[in-house]
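These values consider heavy atoms only, across backbone and side chains, with no hydrogens, waters or symmetry-generated copies. The chain is numbered in sequence order, starting from 1.
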Amino acid sequence: MAEPSKKARKAFIEKRASGCCEYCLSQSRFSPDPFTIEHIFPRSKGGNDDYSNLALACQGCNNRKYNFTEAMDPVTGTMVPLFHPRQDPWANHFRWNDDCSRILGISPEGRATIDKLGLNRPGLVNLRKVLYLAGEHPPA
């Protein structure tokens with residue numbers, strides 16, 4: 001069986017993620033920058049191109065994650081794995097604040113991921129506020 005084209009693979013991953021960054025939940029339709037396919041476990045560390053190792057990511061999250069797979073939990077000071085979008089349900093590690101402008105970490109992995117990937121970057125927080133008022137955030 002032939003390997004799917006890059007375009008077909010990206011379309012599948014975008015659909016699976018409902019067009020949202022699988023880390024910060026930014027919606028690609030409101031982003032000025034294209035989203036990328038991110039290797040959850042980096043190729044530089046032996047990761048592969050299996051669908052189970054690929055995630056849709058905005059440029060900000062992808063750039064900050066780079067080839068990291070763990071980071072320090074700012075509360076406990078221990079190194080923990082970063083959030084893994086294929087294995088970890090988002091709601092087990094994160095929740096929204098009252099106006100859905102900021103992501104709150106509810107686990108060591110969630111807090112470490114927020115800190116390492118900058119999930120509450122000022123531009124994201126501002127965009128979330130506007131989209132929330134317009135009824136477009138948080139994504140379904």
Side-chain angles (χ1 to χ4, degrees):
M1 185 170 178
E3 190 70 21
S5 69
K6 279 187 159 186
K7 187 176 180 177
R9 182 169 45 191
K10 186 172 184 183
F12 172 84
I13 293 166
E14 286 175 336
K15 184 176 180 181
R16 179 179 67 188
S18 300
C20 294
C21 173
E22 296 188 65
Y23 297 98
C24 71
L25 297 189
S26 291
Q27 299 173 65
S28 62
R29 65 188 178 131
F30 296 117
S31 176
D33 299 313
F35 281 26
T36 60
I37 303 306
E38 193 266 327
H39 288 81
I40 301 164
F41 190 76
R43 284 189 290 188
S44 65
K45 294 184 177 183
N48 58 40
D49 290 332
D50 291 346
Y51 284 107
S52 62
N53 190 45
L54 301 175
L56 187 65
C58 68
Q59 289 293 324
C61 287
N62 190 30
N63 291 345
R64 285 170 177 80
K65 185 172 177 290
Y66 183 52
N67 70 346
F68 295 98
T69 58
E70 61 182 19
M72 187 176 297
D73 173 9
V75 172
T76 65
T78 59
M79 291 297 284
V80 297
L82 291 172
F83 169 73
H84 189 301
R86 295 284 69 74
Q87 297 174 358
D88 304 327
W90 196 89
N92 288 359
H93 299 282
F94 309 102
R95 71 174 178 84
W96 295 106
N97 69 343
D98 289 339
D99 71 356
C100 297
S101 63
R102 297 181 63 79
I103 298 172
L104 306 174
I106 58 172
S107 71
E109 293 86 354
R111 293 187 297 264
T113 302
I114 288 169
D115 194 52
K116 185 70 178 170
L117 276 61
L119 300 187
N120 292 312
R121 302 182 295 276
L124 286 179
V125 171
N126 290 336
L127 180 59
R128 290 174 189 148
K129 287 178 181 178
V130 171
L131 292 174
Y132 181 76
L133 292 174
E136 296 286 348
H137 177 78

Would you list the atom pairs, donor with acceptor, under 3.5 Å between side chains in residues 117-124 and any protein atom, with sequence neighbours excluded?
unit_1 : atom_1 : unit_2 : atom_2 : d
Asn120 : OD1    : Ile103 : N      : 2.7
Asn120 : OD1    : Arg128 : NH1    : 3.0
Asn120 : ND2    : Ile103 : O      : 2.9
Arg121 : NH1    : Leu117 : O      : 2.9
Arg121 : NH1    : Gly118 : O      : 3.0

Contacts under 3.5 angstrom, residues 4-12 side chains, donor-acceptor by atom type, not counting sequence neighbours:
unit_1 : atom_1 : unit_2 : atom_2 : d
Ser5   : OG     : Ala8   : N      : 3.0
Lys10  : NZ     : Phe35  : O      : 3.0

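Within the structure, side-chain hydrogen bond (donor to acceptor under 3.5 Å, both in side chains) contacts touching residues 52-61 (residues at least two apart or in different chains) do not occur.
Under the rule for a side chain to side chain donor-acceptor pair (under 3.5 Å), Asp98 has no partner lying at least two apart in sequence or in another chain. By the salt bridge (charged side-chain N to carboxylate O under 4.0 Å, His left out) test, Arg16 pairs with no residue at all, sequence neighbours left out. Legend: residues meeting side chain to side chain donor-acceptor pair (under 3.5 Å) with Asn126, ordered by chain and number and at least two apart, are absent. Gln27 pairs by the side chain to side chain donor-acceptor pair (under 3.5 Å) definition with Arg29, not counting sequence neighbours. For Asp73, the salt bridge (charged side-chain N to carboxylate O under 4.0 Å, His left out) partners at least two apart in sequence or on another chain are Arg111. For Glu109, the salt bridge (charged side-chain N to carboxylate O under 4.0 Å, His left out) criterion is met by no residue, not counting sequence neighbours. Under the rule for a side chain to side chain donor-acceptor pair (under 3.5 Å), Asp33 has no partner lying at least two apart in sequence or in another chain.
The aromatic rings of Trp96 and His137 stand perpendicular to each other, their planes meeting at an angle above 60°, with 30° marking the opposite boundary.
In the hydrophobic clustering of this structure, Phe68 groups with Tyr23; members are Ile, Leu, Val, Met, Phe, Trp, Tyr whose side-chain heavy atoms approach within less than 4.5 Å, directly or through other members. One hydrophobic cluster, built from ILVMFWY side chains closer than 4.5 Å, holds both Tyr51 and Leu56. A continuous path of Ile, Leu, Val, Met, Phe, Trp and Tyr side chains, each step under 4.5 Å between heavy atoms, connects Trp90 with Ile114, placing both in one hydrophobic cluster. The hydrophobic cluster containing Ile40 also contains Phe94, counting ILVMFWY residues as joined when their side-chain heavy atoms lie under 4.5 angstrom apart, directly or transitively.
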Step-by-step side-chain contact (heavy atoms from CB on, under 4.5 Å) determination, Met72 to Asp115: CA-CA 8 Å; Met72 187 176 297; Asp115 194 52; over 6 Å; no
Worked check of side-chain contact (heavy atoms from CB on, under 4.5 Å) between Lys45 and Thr69: CA-CA 9 Å; Lys45 294 184 177 183; Thr69 58; 4.2 Å; yes
Could you walk me through whether Ser31 and Ser26 pass side-chain contact (heavy atoms from CB on, under 4.5 Å), step by step? CA-CA 8 Å; Ser31 176; Ser26 291; over 6 Å; no
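Taken to the nearest 0.5 Å, the SG atom of Cys20 stands 11.0 Å off from the CD atom of Glu14. Put simply, CD on Glu70 and OG1 on Thr78 are 10.0 Å apart, with the number rounded to the nearest 0.5 Å. For the atom pair Asn92 CG and Ile106 CD1, the distance stands at 7.0 Å (nearest 0.5 Å).
Residue Phe30 shares its hydrophobic cluster (ILVMFWY side chains chained together at separations under 4.5 Å) with Leu127, Leu131. Hydrophobic cluster of Phe41: no remaining members, since no ILVMFWY side chain lies below 4.5 Å from it.
Ser101 places no side-chain N or O within donor-acceptor distance of the main-chain N or O of Val125, the cut-off being under 3.5 Å.
Between Glu22 and Arg86, at least one side-chain N (NZ, or NE/NH1/NH2) sits under 4.0 Å from a carboxylate O, which counts as a salt bridge.
By the 4.5 Å heavy-atom criterion applied to side chains, Cys58 and Cys24 are counted as neighbours.
Defined by atom type and a distance below 3.5 Å, a donor-acceptor pair is present between the side-chain atoms of Asp49 and His39.
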